[in-house]
Amino acid sequence: SQKIEQNSEALNIQEGKTATLTCNYTNYSPAYLQWYRQDPGRGPVFLLLIRENEKEKRKERLKVTFDTTLKQSLFHITASQPADSATYLCALVRRSSASKIIFGSGTRLSIRP
Amino acid sequence: DAGITQSPRYKITETGRQVTLMCHQTWSHSYMFWYRQDLGHGLRLIYYSAAADITDKGEVPDGYVVSRSKTENFPLTLESATRSQTSVYFCASSSSGGGGTGELFFGEGSRLTVL
């Protein structure tokens, strides 16, 4: 079956460290992956995307990698801060059905001071 | 103010009743989406619309009806609510669907409880 998995429900790290979140997919041919942030009681907010022909993308303290061989995307937050605490969702856009964007269940990240 | 708004934010209803969740966006985005979010399942696509009068099913469409007579509005109706439809519903819009950046702009959600 087709699925997209974020393999940590929760991740707790010390402030200042790099947080690394994982998104794995099976049986999809993604055109690209998106990452969103969701705070409690709020809707998700788009952070960045990476296309299938890109290996890495950066935006300020955020970095995303995409390995189509491993079928995996990694999302990094460097110099993490307590304000980075939130749930992070990966979303996959398929070449075959671009409007049906599929989401993972999310990783809840907590940054302790 | 520009944006995407959902109403009501909270709704409690009873099994068998009809419920309509409203979604309105001011960006004139072509694409609009309805997702539901449940613990353990993440966001699942119910229906989406590529333009006015064009709608299509997502992963979990059963029990839901949508319409899109105007570009800015995309209501979601539960014709006969069931307990399994208790969830948080998110509406989203996009200027390009899955093409281009495909960035989705989400509303704040509508929390529905079916007793």
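Proteins come first, then strands; the chains are lettered A, B, ... in the order of their sequence lines, and each starts at number 1. This is a predicted model, so every value here is computed, not measured.
- Residues forming a salt bridge (Lys or Arg N to Asp or Glu O under 4.0 Å) with B:Arg111 (at least two apart in sequence, or on another chain): none.
- Between A:Arg58 and A:Glu56 there is a salt bridge, since at least one side-chain N of the basic residue sits less than 4.0 Å from a carboxylate O of the acidic one.
- The part of B:Tyr35 that comes within reach of chain A is its side chain, from C-beta onward, which places non-hydrogen atoms under 4.5 angstrom from that chain.
- For chain B, no part of A:Leu48 is nearby; none of its heavy atoms comes within less than 4.5 Å.
- For chain A, the nearby part of B:Glu59 is the side chain; its heavy atoms alone come within less than 4.5 Å.
- Comment: B:Lys57 does not engage B:Asp62 in a salt bridge, judged by the lack of any side-chain N to carboxylate O separation of less than 4.0 angstrom.
- By the 4.0 Å N-to-carboxylate-O rule, B:Arg44 lies close enough to B:Asp38 to be salt-bridged with it.
- Taking the six-membered ring wherever Trp is involved, the centroid distance between the rings of B:Phe105 and B:Trp27 falls below 6.0 Å.
- At a 4.5 Å heavy-atom cutoff, the contact between B:Leu43 and chain A is made by backbone and side-chain atoms alike.
- For A:Gln38, the part sitting under 4.5 Å from any heavy atom of chain B is the side chain, from C-beta outward, and nothing else.
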